[in-house]
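The first residue of the sequence shown is numbered 1, and numbering continues consecutively from there.
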Amino acid sequence: MTVDHADRSEFQPLKFSGLAGLGEPDPMDSARLMGMITALAAEVYVLKAEVQRLRLALEASGATSAAELEWAGQSPAMRDWFSAEEAAFGQALLRPFTHPDEAPDVSGRMGGR
């Protein structure tokens, strides 16, 4: 069975949450997803190291304990922060799809103009 890609009448929007209705699939979607995965993996690694470094320093100095850190993770302030951060993070994560191939205008920084 062959698929005629020229016939877009049966096009179904992407079913991935947050991407539905953005338009037809783009051949660059795989590259964008791989970029997102790579960026997220790097962020996770850096953030895990930072959290561990801070935890060790705080506990070694006696400034806090594992139990206090656990309480802080369940506090109302943490819940408020998490709610706000979740929305911002989701927008940033989906930016390659919601604003594909967007590049900043750097023409003002170019010499001779």
Side-chain angles (χ1 to χ4, degrees):
M1 177 179 177
T2 60
V3 177
D4 181 8
H5 293 287
D7 179 17
R8 303 281 183 182
S9 62
E10 295 182 31
F11 170 70
Q12 296 293 318
L14 296 172
K15 302 292 186 202
F16 186 71
S17 177
L19 299 180
L22 289 180
E24 296 185 26
D26 184 325
M28 292 300 295
D29 283 354
S30 293
R32 289 183 189 105
L33 283 171
M34 184 52 83
M36 288 169 59
I37 291 167
T38 303
L40 286 171
E43 286 293 321
V44 167
Y45 181 78
V46 168
L47 290 173
K48 283 179 71 174
E50 182 69 7
V51 167
Q52 183 61 19
R53 183 176 72 90
L54 291 170
R55 181 182 298 268
L56 290 171
L58 289 169
E59 289 179 2
S61 70
T64 193
S65 67
E68 290 170 329
L69 289 172
E70 180 64 29
W71 172 88
Q74 305 302 318
S75 70
M78 184 65 181
R79 283 194 299 272
D80 291 345
W81 174 86
F82 192 80
S83 294
E85 184 64 20
E86 184 178 25
F89 180 75
Q91 289 175 354
L93 183 62
L94 292 174
R95 190 158 187 82
F97 289 96
T98 59
H99 298 81
D101 305 321
E102 183 179 85
D105 181 5
V106 296
S107 58
R109 297 181 183 167
M110 298 173 71
R113 292 188 179 204

What's the spacing between Leu58 CG and Arg53 CZ if we round to 0.5 Å? 10.0 Å

Identify each donor-acceptor pair in which a side-chain atom of residues 78-94 lies under 3.5 Å from a protein atom, sequence neighbours left out, and give them as a table.
{"from": "Arg79", "atom 1": "NH1", "to": "Gln74", "atom 2": "O", "distance (Å)": "2.6"}
{"from": "Ser83", "atom 1": "OG", "to": "Arg79", "atom 2": "O", "distance (Å)": "3.2"}

Roughly how far, to the nearest 0.5 Å, is CD of Glu50 from CD of Glu43? 11.5 Å

Can you tell me how far the OG1 atom of Thr64 sits from the CG atom of Leu69, to the nearest 0.5 Å? 4.0 Å

